[in-house]
Novice: 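Can you read through this structure? Questions will come right after.
Values below: all heavy atoms of this structure, side chains included; hydrogens, waters and symmetry mates excluded.
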Protein chains: 2
Amino acid sequence: MTRAEECPEEFDPTRLLTPRAREVLEAARTLLERDGWAALTMRALADELGIAAPSLYKHFASKDALKSQLVAVGLKDFGEALRPVTSVAALVRRYREVAGANPELYRLATHGPLDRDALPPGLEDWSGSPFFEATGEPYRAQALWAAVHGMVILELDGRFPTGSAPKATWDELANHFS
Amino acid sequence: MTRAEECPEEFDPTRLLTPRAREVLEAARTLLERDGWAALTMRALADELGIAAPSLYKHFASKDALKSQLVAVGLKDFGEALRPVTSVAALVRRYREVAGANPELYRLATHGPLDRDALPPGLEDWSGSPFFEATGEPYRAQALWAAVHGMVILELDGRFPTGSAPKATWDELANHFS
DNA sequence: TACGGTGGGCTAACAACGTTAGCCACCAAG
DNA sequence: CTTGGTGGCTAACGTTGTTAGCCCACCGTA
C-alpha cells in the first residue's frame with residue numbers, strides 16, 4: 001500500500017488547540033468510533049477522561065464545536081490517506097478502505113451541511129483535490145466524488161440488499177470513470 | 001412531466017394506521033419539511049395538532065416508530081415518482097427533482113441504517129426497482145443508484161464548492177450510465 | 001337501560017441531555 | 001506576593017423523549 005502524504009501544516013485542525021484539548025479530541029474520536037455519534041454524550045466523554053461534564057467546556061465552547069473539530073480531523077485524515085494519487089481505480093479503492101476503517105468519523109464528516117467557518121481555510125478544498133488530480137477535470141472530479149461517496153455511505157449504512165455492495169458494483173462504478 | 005404510477009396497495013405504509021394516526025403522520029411530514037428533523041420534537045408536533053405531547057403515544061409507540069413511518073412514506077412517494085421508467089437520463093432527472101422537492105424527507109429516508117422490520121415487506125425493493133428497470137442489470141442498477149444518491153445528498157447538503165452541483169456535473173454522471 | 005371496551009385526550013413526573021453559573025486549586029511571571 | 005491563566009468541581013436550569021395514571025365520549029351488546 002502506498003504511503004499517505006502528510007497534510008500541510010496550516011490545514012492541521014489541532015494546530016491552535018491546547019495539549020489538553022487535543023487529549024479531549026482524541027478521546028472523543030475513540031469514543032465516536034467505538035460507540036457511534038449518538039452515544040457520544042458530553043457526560044460519556046467526560047467519564048472516559050475521568051472528569052466532570054462541565055469541565056469539557058474549558059476546552060470546547062460547545063458540543064457542536066467539538067463536532068466541527070472532529071469533522072476537520074476527518075477531512076484531514078481522509079485527505080492524507082488519498083495521497084499520492086496514482087489512478088482513478090486506486091483512488092476509489094483507497095477511498096473505500098479509509099472510510100471503512102473509520103466509519104463513524106466518515107459519517108460524521110460527510111453528513112449534513114458543513115460548518116465551513118469552523119474549518120481551517122483551504123482544508124476542504126485540499127481534502128477533495130485528489131479527485132481533481134485523478135480526473136484532471138472539475139466536473140468529472142465532482143461526479144466521481146459524489147458517486148464514490150454514494151457507494152461508501154450506502155455500504156456503511158447497510159443500505160444495499162445484501163448488506164454491502166458487491167465487488168461487481170464497485171467495478172462497475174470504477175470502470176465508468178476510468 | 002410524465003405521470004407517476006400508483007404504489008401497490010400492500011406497500012402503502014399507512015394501510016394499517018387509524019385515521020387519527022394518519023393525521024398525526026401528515027402533520028409530522030409537514031413540520032419535517034418546514035423546519036427540519038431537528039426541530040420536529042414531540043412537543044412541537046403535539047402543538048401543531050393542538051394536543052399534548054403524551055397524547056401522541058396513543059398513535060405511535062415512540063418517536064422512532066414515527067420516524068420509521070415517515071421513512072416508509074418517503075420510500076413510497078419516491079418510488080411512485082420514479083415511474084414509469086423511460087430512460088436512464090429521465091430517471092436521473094426525476095430522482096433529482098423529487099428529492100429536491102422533499103429535501104428533509106429525502107434526507108430522513110436515506111440517512112443511516114434502515115429499520116427494515118418497520119417497513120411493509122417489499123416496499124424497499126419496489127422503491128428501488130426503477131433503477132433495475134432502467135439499467136436491466138443489478139450491478140449497474142446499484143452503481144447508478146449510489147452515484148445519483150451521492151449527487152443528490154451532497155447537493156442538498158450544500159457540499160459542493162458552489163453550493164450546488166452544476167448541470168455539467170449531472171450531465172457527466174448521466175452520460176457515464178447511458 | 002345498563003355496561004364494558006375502545007379510542008383519544010389530559011396532568012404530573014422522570015431520566016438523560018447540553019449547558020451555565022460560580023467557586024476553587026495549582027503554578028509561572030511580574 | 002500577587003496576579004492571571006489553566007483546568008477542575010458542584011449545583012442547577014431548560015429541553016428532550018417517555019411513562020404512569022386518570023378521564024370521558026362513543027358504541028355495540030346483554
Novice: Tell me: CE of B:M42 to C1' of C:dA15, nearest whole Å?
Specialist: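 That distance rounds to 17 Å.
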
Novice: To the nearest Å, how far apart are B:K63 NZ and C:dA16 P?
Specialist: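 Taking atom P of C:dA16 as the reference, NZ of B:K63 is at 18 Å.
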
Novice: Hey, which of these two, A:A38 or A:A61, hits DNA chain C nearer its 5' end, going by closest nucleotide?
Specialist: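 Final value for this comparison: A:A38.
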
Novice: CZ of B:F60 versus P of D:dG17: gap in Å, rounded?
Specialist: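 Answer to the nearest Å: 15 Å.
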
Novice: Between residues 45-57 of chain B and DNA chain D, which residues have a heavy-atom gap below 4.0 Å?
Specialist: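 Output list: B:P54, B:Y57.
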
Novice: Please say whether the positively charged group of B:R83, taken as NZ for Lys or CZ for Arg, lies over the ring of B:W126, i.e. under 6.0 angstrom from the six-membered ring centre and within 45 degrees of the axis.
Specialist: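 B:R83 over B:W126 ring: yes.
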
Novice: Distance-only, no hydrogens or angles: does the A:H149 side chain make a donor-acceptor pair with backbone N or O of B:G150 under 3.5 Å?
Specialist: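 No; judged by distance alone, with no hydrogens or angles, the pair does not exist.
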
Novice: If you measure from CZ on B:F78 to CG on B:N102, what distance do you get to the nearest 0.5 Å?
Specialist: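 These two atoms lie 5.0 Å from each other.
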
Novice: Verify whether one side chain among A:D12 and A:T14 offers a donor that lies under 3.5 Å from an acceptor in the other.
Specialist: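 Indeed, the side chains of A:D12 and A:T14 share at least one donor-acceptor pair under 3.5 Å.
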
Novice: How many whole angstroms separate atom CG of B:L40 from atom P of D:dT16?
Specialist: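 Value for this atom pair: 11 Å.
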
Novice: Does A:K58 get its side chain close enough to the base of D:dG8, under 3.5 Å, for a donor-acceptor pair?
Specialist: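 Under the 3.5 Å cut-off, the side chain and the base do form a donor-acceptor pair.
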
Novice: Could you label the plane-to-plane angle of the A:Y106 and A:Y95 rings as parallel, tilted or perpendicular, counting under 30° as parallel and over 60° as perpendicular?
Specialist: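 Rings of A:Y106 and A:Y95: perpendicular, as their planes differ by over 60°.
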
Novice: When you measure from every atom of DNA chain C, which of residues 12-21 of chain A have a heavy atom less than 4.0 Å away?
Specialist: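 When residues 12-21 of chain A is checked for heavy atoms under 4.0 Å from DNA chain C, there are no hits whatsoever.
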
Novice: Whether the side chain of B:E33 engages the backbone of B:L105 through a donor-acceptor N/O pair (distance < 3.5 Å, no angle test) should be reported.
Specialist: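 Between the backbone of B:L105 and the side chain of B:E33 there is a qualifying donor-acceptor contact (under 3.5 Å).
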
Novice: Working to the nearest 0.5 angstrom, can you tell me the gap between A:S68 OG and A:L114 CG?
Specialist: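 Nearest 0.5 Å value for the OG-CG distance: 8.0 Å.
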
Novice: How close or far is atom P of D:dG17 from atom NZ of B:K67, stated in whole angstroms?
Specialist: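 Going from B:K67 (NZ) to D:dG17 (P), I get 12 Å.
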
Novice: Show every donor-acceptor pair shorter than 3.5 Å between a side-chain atom in residues 34-43 of chain A and any protein atom, with sequence neighbours excluded, or say none if there are none.
Specialist:
from	atom 1	to	atom 2	distance (Å)
A:T41	OG1	A:A44	N	2.9

